[in-house]
Every structure is written in structure tokens, then in C-alpha cells.
Amino acid sequence: MFRPIRGMKDLYGSDINKYNFIIEQARHIGEKYGYSQISTPIVEQTDVFQRSIGDETDVVSKEMYSFVDKGGESITLRPEGTAGVMRAIVSESMAQSLPIKLMYYGEMFRYDRPQKGRYRQFHQLGFEHIGDKSPYTDALLISMASEILNSIGIFGFKVLINSLGDDETRESYTKGLVKYLSRHEENLSEDSKKRLTKNPLRILDSKDSKDKEICSMAPIITDYLSKESGQYFEKVCALLDDYGVNFEIDNFLVRGLDYYSETAFEFKSTSEEYGDSVGGGGRYDKLLKIFGGPDVSGIGFAFGIERLMMLLDDSKFQNKAKKVAVVPVSEDENDTAFQLLKTLYDADIPAEFIHNGNLSKKMKIADRMNCGIALILGEDECENETVTVKLMNCDDKSKKTQTVARNDIASFLKHSL
RNA sequence: GCGAGUGUAGCUCAGUUGGUUAGAGCGCCAGAUUGUGGCUCUGGAGGUCAUCGGUUCGAUUCCGAUUACUCGCCCCA
């Protein structure tokens, strides 16, 4: 028997309902905040990701789904959405008129070991706001993200926020951090020793207990922020306060992709179901320029849709019973029932044609298909031009079945559904 | 890439200290109920006990390898 390949899942039933619900809410709110939708290809030239995300990141160095196509070109299944959107902005000359606000959603691919809340094919929902560098923009974006979480019924989360500062800040901070960490190099984990030369900032969010201990005494980036970056960050926090966003400053928050600068943030679930990050993002100053666009800053974030789905209650996303079952008693009534079905469809009433087995069997199928009402057509009904209407979920025996003239059935059902 | 756990019916899981026909609940099918689903009762179908190899008179059980899934680590959504 075939199964989906490792780390990939079939999405159906309550899951697909959750998925659609999340997208629907996000689109609605995104529209309110002025975002328009974009859909970019799932595959890009490998360079699109390599150059923007950073060679030293895990995403690029070990998690990319890269292939050589028949033309000999290296192509990659997108591991995240931002790079493709930036490429599209340049390819389609959208940067002519700034600012641009775009939202996207779709599948992403990362080749790592599947586990809870992590798949090789997963879905992200993201927003990018380009060409408008201001604390107001940052605060608005973060606040919108919180609103989206609330709108889908997720309230147990907190926003972690940090500033990575501008280039200057990061350069001097990295120096200071390396200087401090080098003194404790002996006690760092093996992984962190390697990071010391390759990507020292990442040591900050190591989960190794010794690393954590060493980091707790490390210099913090806030102290290194240039005057501008510092004021910028303070303003963002003040504005979030004004909007009542529940956030927490986390000086150890360092995002996994190289392109972030200034404001960085993450949405962390506080649920028992899944207590890790459900999304994150930050500001990027040079991304568009990397793709040959103008030198303007942008900010964006993405949610992991599967991680949001885990926080939603299955039972609230089962298919609802709003259908009508058309049930002929015997084969003799099939054609009349088939005509009746057409009447229902013409009146936009959702209906199922159930014609296999004896009547008892048909009723069972109607029940299983979640039909709220069954229309029974037998010899008598055909003769009298009526149908027997049975309310499947009604316990009051006197109202459970009734006879309705066939001509009136559509309007009768419109009132009952 | 590393570590741990699990693999028995469609699903959730018992069980066999190594021994004839491997069980339950749920689901499915049929009947009681040939013009009425849910509740009840009766019967039925469905298993190479993950795969391959080893030990043994005999392996679903013990051992090994493989594989799949799950959960951690790294990292991330």
C-alpha cells in the first residue's frame, strides 16, 4: 500500500476545514490592513534562497529540497516564502510604487526529521510590508498578527520581541559577544563552539543548559544598539503597549535566517497542545537590494499553519449537517426522485441522491452522510405528488415526519434548513 | 545528521513465561424490521502478528538486521 512520503500528510476532513478557516480569517484581516494577495511558484532557482537566507543557516545548509532539472539548472522547493516574494517584486517591477503590502500562503518544504508540529511539507501564511520603515509599521504588523491569532480562536500566546539593530550595532555586538563567549569556550557545547566562528548570535538561543548559563551573563544587544536603533525599538514597544498587544522583550531572540535586522519577533504558544513557536518574523533591510531591487527596508512574518491547526479543537471543524437526502423507496421511484433532486439543486439546496439498498439501508446511509432531512418518495407519494419529509434530528414524534406537496418542497426546505 | 520508543483486524489496543483453530471494543456486512436511520439483540466477513534472516522439534513471542511510524536533540513554522 502506498502512503504519503515521510514528513508529508494528506489534508482532509476537519483538518482541511481548519486550514480553510485560518486562511479565510487571515485574508479578511489582511484585506482590512491593506494587503493584497500574491502567489509565487513553489520552485525557484536555488540561488534565490541561498543568497537571501544565508549559506550558514541550517535551512540552507541542510534542509533544502534541491534538484537539478533536465536543463541542468539547480532548482529548490521553497523553504520559506519571503525570498520568493522579494524576487517577484523585482521580477514584476512592483517596486516602482512603494510601499507594497503583500500576503501569501502555501506549501513550504524543508528536509529535516519530522516530529510534532514539524513536517517536510508544511504550510505557511505570511505578510510582507515593503518600503515603509517606521516603528508604526512594525507595531501595526505585529498587532495585525495578534489579531489574526485571536480571530481564529487562539488567545494563549505571547509575542517575544527583540531588536537586532542596524549593521553597525550587530557588528559591534557580535564582537563583544564573541569576546565574552571566547573566555568560556571550554564550557560551551560542541555545536556552540562551531557557531562561535560561523554564527555567534545563534548561541544565544541554544537550549543546552551550560550554554544557557553562560549566555545569561553575556552582554545583551540592547546595550549595543545605536542611538537610532534604540529609539526605534523603544517606540515600537511603546506603540504595542498602546494597542494592548501582550508582548515580552527577549534579548536572546535571534531568528534563524540571516536577513533580519532591527525588529525581530516570534509568536510563542502557551498551550499544552503545542508550546512552541507558531510564527515569527522581523525587519529586513537589504533583502530587496540583494534581488536587484531598490535599497528599501521591509518587514514581514509568517505563521506555520499546521502549528495553528494543532491549537484548534477538532470537534468544532467537523462537517456540518445541512444536506437533504433524497430517498426513493424502490427503484420504481428512482426517476421521480432524480427529478426532485434537480428541483432542489435549482433552488440551491444542498442534497444527496441515495438509491442503493433497501429503504432501511438508504436511511442508514443518509444518516451517515450527515443529512439533516430525508425526503422519502414511494408509491403513495408519487401518486399524490407529495413527498414525506423526515427530520433526522428531531425527537418530537409528531413533528418528525410530515407530508408536503411536491411543488412546495423547495420553499418548505428553505425555511427548515 | 544523532538518540529513544513502537509496529498484532479498517481504527484503538489486549495477549502468547516459545506449543493445536491469535482476542476485545469500536467500525463494516447481513438478519430481527421486505415504507424509515440513531437504541437493542443475533450472526458474519476481515490477520503472511511490519519485512528478512538466526536460534529451536516448533517463533507472532527470544536474538539480529532492515523498514515504517512516533517522540526527542540539532534547527525551525
Side-chain angles (χ1 to χ4, degrees), chain A residues 1-9 22 53 56-64 78-82 105-126 145 189-192 194-195 199 202-203 205-209 211 253-257 266-269 274 276-281 300-311 321 325 327-330 332-333 354 356-382 387-395 397 400-401 403:
Chain A
M1 189 169 61
F2 290 116
R3 6 164 72 268
I5 67 177
R6 192 199 297 280
M8 309 203 176
K9 277 212 166 11
I22 291 167
I53 298 170
E56 294 302 332
T57 60
D58 279 27
V59 169
V60 168
S61 64
K62 57 181 204 188
E63 294 173 2
M64 294 233 286
R78 61 185 183 194
E80 55 100 44
T82 305
Y105 62 86
E107 37 283 289
M108 307 293 162
F109 301 83
R110 288 184 200 173
Y111 192 89
D112 51 1
R113 203 71 196 255
Q115 56 186 276
K116 193 170 191 180
R118 174 194 287 167
Y119 309 100
R120 287 184 174 181
Q121 176 176 342
F122 61 103
H123 297 81
Q124 279 188 344
L125 164 66
S189 66
E190 288 306 310
D191 285 327
S192 289
K194 282 180 210 151
R195 293 189 192 114
N199 201 344
R202 291 229 58 86
I203 298 176
D205 62 7
S206 168
K207 276 153 202 151
D208 183 274
S209 59
D211 288 356
L253 177 70
V254 180
R255 309 272 313 142
L257 314 180
E266 204 166 297
F267 299 89
K268 198 160 192 171
S269 160
Y274 185 76
D276 213 330
S277 170
V278 296
F301 75 92
F303 285 127
I305 299 181
E306 280 80 0
R307 292 188 177 179
L308 299 178
M309 283 164 57
M310 278 192 289
L311 302 176
V327 185
V329 170
S330 73
D332 293 341
E333 290 85 30
I354 298 175
N356 282 321
N358 58 28
L359 184 58
S360 172
K361 172 81 177 170
K362 287 173 201 163
M363 292 305 294
K364 203 167 184 174
I365 293 171
D367 187 40
R368 198 185 299 164
M369 292 180 113
N370 271 321
C371 295
I373 293 177
L375 299 185
I376 298 161
L377 266 175
E379 212 177 330
D380 296 349
E381 287 88 344
C382 281
V387 289
T388 297
V389 177
K390 178 165 183 171
L391 306 177
M392 302 293 275
N393 302 315
C394 178
D395 291 328
K397 277 190 181 162
K400 199 168 173 70
T401 59
T403 305

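Labels below follow one simple rule: chain letters A, B, ... track the order of the sequence lines, proteins then strands, and each chain is numbered from 1. Computed from heavy atoms alone, side chains included, the values below leave out hydrogens, waters and symmetry copies.
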If I pick the [atom1] atom on [M] and the same atom on [N], what distance separates them, to the nearest angstrom?
N: C28(B); M: U66(B); atom1: C1'; value: 34 Å
N: G19(B); M: C49(B); atom1: P; value: 15 Å
N: C74(B); M: G1(B); atom1: C1'; value: 9 Å
N: U67(B); M: U60(B); atom1: P; value: 22 Å
N: A59(B); M: U8(B); atom1: C1'; value: 14 Å
N: G46(B); M: U40(B); atom1: P; value: 26 Å
N: C52(B); M: A68(B); atom1: P; value: 16 Å
N: U33(B); M: C26(B); atom1: C1'; value: 24 Å

Calculate, to the nearest 0.5 Å, the distance between atoms [atom1] and [atom2] belonging to [X] and [Y] respectively.
X: Met64(A); Y: Thr57(A); atom1: CE; atom2: OG1; value: 8.0 Å
X: Asp58(A); Y: Asp112(A); atom1: CG; atom2: CG; value: 9.0 Å
X: Phe122(A); Y: Met309(A); atom1: CZ; atom2: CE; value: 13.5 Å

- line: Contact string for nucleotides 29-48 of chain B, one letter per nucleotide 5' to 3', B = base within protein heavy-atom range under 4.0 Å, S = sugar-phosphate only, - = neither, reads SS----BBBB----------
What is the distance from [atom1] of [X] to [atom2] of [N], rounded to the nearest Å?
X: Glu63(A); N: C2(B); atom1: CD; atom2: P; answer: 15 Å
X: Phe301(A); N: A77(B); atom1: CZ; atom2: C1'; answer: 12 Å
X: Phe2(A); N: U67(B); atom1: CZ; atom2: P; answer: 19 Å
X: Asp276(A); N: G72(B); atom1: CG; atom2: C1'; answer: 12 Å
X: Arg118(A); N: A77(B); atom1: CZ; atom2: P; answer: 10 Å
X: Ile5(A); N: U67(B); atom1: CD1; atom2: P; answer: 16 Å

statement: Tested for side-chain contact (heavy atoms from CB on, under 4.5 Å) against Met8(A), the lone hit among Glu107(A), Gln121(A), Arg3(A) is Gln121(A)
Main chain of [Y], side chain of [X]: is a donor-acceptor contact present, judged purely on distance under 3.5 Å?
X: Lys362(A); Y: Val329(A); value: yes
X: Ser269(A); Y: Val278(A); value: no
X: Arg307(A); Y: Ser277(A); value: yes

- prompt: Gln115(A) side chain N/O closer than 4.0 Å to the phosphate oxygens (OP1, OP2) of G72(B)?
  reply: yes
field: Glu379(A) atom CD, neighbour heavy-atom count above 12 within 6.0 Å
entry: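 Not more than 12 within 6.0 Å, no.
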- prompt: Could you spell out the base pairing of RNA chain B in dot-bracket, with Watson-Crick or G-U pairs whose two distances are under 3.5 Å, [ ] crossing and | to another strand?
  reply: (((((((..((((.....[...)))).(((((.......))))).....(((((..]....))))))))))))....
query: When we call it a touch if two heavy atoms are under 4.0 Å apart, what does Arg6(A) touch: a base, just sugar-phosphate, or nothing?
result: sugar-phosphate
- request: Using a 4.0 Å heavy-atom cut-off across all strands, classify Phe122(A) as base, sugar-phosphate, or nothing.
  value: base
message: Minimum heavy-atom separation for Ala374(A) and Met392(A), please, with both atom names.
response: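 What the structure gives for the nearest pair is CB-SD, 3.9 Å.
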task: Mind listing the closest non-hydrogen atom pair of Arg6(A) and Pro114(A) along with its distance?
output: CG-CG, 3.8 Å
- prompt: Any N or O donor-acceptor pair linking the side chain of Arg3(A) to the base of A68(B) at under 3.5 Å?
  reply: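 For Arg3(A), whose side chain was compared with the base of A68(B), there is no donor-acceptor pair (under 3.5 Å).
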- line: Of the candidates U70(B), C74(B), A77(B), the side chain of Ser277(A) sits closest to A77(B)
- prompt: In terms of the nearest nucleotide of RNA chain B, which residue is placed more toward the 5' end: Tyr111(A) or Arg120(A)?
  reply: Tyr111(A)
task: With RNA chain B as reference, determine whether Lys62(A) or Gly279(A) sits nearer its 5' end, using the nearest nucleotide of each.
output: Lys62(A)
- prompt: Below 6.0 angstrom between ring centroids: does that apply to Tyr111(A) and Phe109(A)?
  reply: no
